Amino acid sequence: MAISTSLWSFALVVGLLALTPGLDTALILRTSALGRRRRAWGVVLGIQSGTFLWGALTSVGVTALFTASHLAYVTLRWVGAAYLVWMGVRMLRDTFRGLPVTGAGESDSLPGEDSVTGGWRQGTLTNLLNPKMGAFYVAVLPQFIPAGASHFTMGLMLTAVHIVIGVMWSAVLVGCARVLHGWLRKPQGRRLLDRITGTVIAAFGVRLALGD
């Protein structure tokens with residue numbers, strides 16, 4: 001397989017993966033729709049930082065060794081599941097506690113600082129605590145490395161393709177979320193979005209804990 005063919009084939013696979021609604025999509029849409037553009041892009045950068053680390057570790061064989069250890073995999077799975085359930089339940093809880101909401105023109109003072117750093121931490125944790133990302137790279141990445149090519153170099157190139165596609169799709173999500181911003185300036189709109197997002201995130205956590 002030629003390197004160019006490998007890159008295009010991998011781009012098709014991860015492109016279809018990016019289009020599949022999931023946890024990353026929910027986080028980016030929710031953060032951006034609430035008017036926190038800087039934090040939303042922080043989430044995007046955090047998710048892609050995690051993707052880069054998974055790809056780099058896979059390229060040097062560390063992730064393969066890690067996923068071969070049942071105890072290590074199960075531990076990371078439970079830690080990741082606990083984090084997602086905690087994040088989802090907290091989001092749901094806040095919508096029922098009657099927390100103060102801001103007026104129509106005060107979207108910048110919504111709970112949660114609109115900062116790139118805060119979003120980056122959230123995105124990175126969410127990605128790195130998902131062992132299925134590591135399992136995906138271990139199972140898929142080697143299949144797109146041509147015979148005779150450097151595993152490390154080619155692995156980083158494929159990871160870079162994944163990151164580029166992820167950022168492009170995230171830009172579309174951030175742009176589309178702006179359509180919802182006017183409606184989400186209303187307290188009931190924000191509560192509904194948080195309940196939907198919180199449910200999705202908690203459900204992902206439960207699914208991860210059950211190992212499905």
Side-chain angles (χ1 to χ4, degrees), residues 1-29 31-32 40-70 72-77 79-81 83-84 116-117 119-176 200-201 204 207-208 211-212:
M1 181 189 299
I3 291 179
S4 58
T5 302
S6 175
L7 293 175
W8 279 111
S9 300
F10 187 71
L12 177 61
V13 172
V14 296
L16 293 174
L17 182 66
L19 292 175
T20 304
L23 177 60
D24 294 349
T25 300
L27 284 176
I28 295 170
L29 281 176
T31 307
S32 182
W41 277 109
V43 170
V44 173
L45 293 176
I47 290 170
Q48 301 312 323
S49 295
T51 298
F52 174 79
L53 187 55
W54 280 120
L57 290 175
T58 302
S59 299
V60 296
V62 175
T63 310
L65 293 175
F66 180 82
T67 53
S69 170
H70 180 70
Y73 181 84
V74 171
T75 300
L76 181 59
R77 192 184 78 194
V79 171
Y83 172 72
L84 294 178
V116 173
T117 303
W120 180 85
R121 284 196 300 266
Q122 184 180 35
T124 303
L125 272 176
T126 300
N127 191 290
L128 291 181
L129 290 177
N130 184 2
K132 292 188 176 182
M133 274 294 294
F136 168 80
Y137 266 86
V138 169
V140 175
L141 206 66
Q143 300 182 37
F144 291 90
I145 297 179
S150 167
H151 279 230
F152 182 71
T153 302
M154 192 65 196
L156 290 185
M157 290 174 65
L158 292 169
T159 302
V161 169
H162 193 176
I163 291 173
V164 169
I165 291 176
V167 171
M168 290 172 62
W169 177 239
S170 296
V172 173
L173 293 176
V174 171
C176 291
V200 170
I201 292 174
F204 269 97
R207 182 180 178 185
L208 182 60
D212 294 333

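Keep in mind that what you see is a predicted model, and the values were worked out from it rather than measured. For the single chain, residues carry numbers from 1 onward in sequence order.
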**Q** Of Val172, Leu23, Val174, which is the lone residue that meets side-chain contact (heavy atoms from CB on, under 4.5 Å) with Ile28?
**A** Val174

**Q** Can you list the steps and then say if Ser32 with Leu173 is a side chain to side chain contact (heavy atoms under 4.5 Å, CB included)?
**A** CA-CA 8 Å; Ser32 182; Leu173 293 176; over 6 Å; no

**Q** CG/Asp24 to OG1/Thr51 distance, rounded to the nearest 0.5 angstrom?
**A** 7.0 Å

**Q** If every non-hydrogen atom of Ala56 is compared with every non-hydrogen atom of Phe152, which pair is closest and at what distance?
**A**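 Distance-wise, the nearest heavy atoms are O-CE1, 4.4 Å.
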
**Q** Step through the shown structure and confirm whether more than 12 heavy atoms of other residues, nucleotides or ligands are within 6.0 Å of CZ on Phe52.
**A** no

**Q** Using side chain to side chain contact (heavy atoms under 4.5 Å, CB included), reason through Met154 and Leu7 one step at a time and then give a plain yes or no.
**A** CA-CA 9 Å; Met154 192 65 196; Leu7 293 175; 3.9 Å; yes

**Q** Would you name the heavy atoms of His162 and Gln48 that are closest together and state the gap between them?
**A** O-OE1, 4.2 Å

**Q** Rounded to the nearest 0.5 Å, what separates atom CD1 in Ile47 from atom CE in Met133?
**A**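 Between atom CD1 of Ile47 and atom CE of Met133 there are 9.5 Å.
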
**Q** Please report the closest heavy-atom contact between Val44 and Ser170, naming both atoms and the distance.
**A**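 Here Val44 and Ser170 meet closest at CG2-CB, 3.6 Å.
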
**Q** To the nearest 0.5 Å, how far apart are OG in Ser9 and CD in Gln143?
**A**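 Between atom OG of Ser9 and atom CD of Gln143 there are 11.0 Å.
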
**Q** Would the distance check show the side chain of Trp169 and the main-chain N or O of Ala18 forming a donor-acceptor pair, the cut-off being under 3.5 Å?
**A**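 The answer is yes, because a donor-acceptor pair under 3.5 Å joins these two groups.
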
**Q** So which heavy atom on Tyr137 is nearest to which on Thr159, and how close?
**A** CE2-OG1, 3.7 Å

**Q** How far apart are the closest heavy atoms of Leu128 and Trp54, and which atoms are they?
**A**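 So the minimum-distance heavy-atom pair works out to O-CZ2, 3.3 Å.
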
**Q** In Å and rounded to the nearest 0.5 Å, what is the OG1 to CG distance from Thr58 to Leu53?
**A** 9.0 Å

**Q** Compare every heavy atom of Leu158 with every heavy atom of Phe10, then report the nearest pair and how far apart it is.
**A** CE2-O, 3.1 Å

**Q** Mark yes or no for whether Trp120, through its side chain, and Ser49, through its backbone, hold a donor-acceptor pair below 3.5 Å.
**A** no

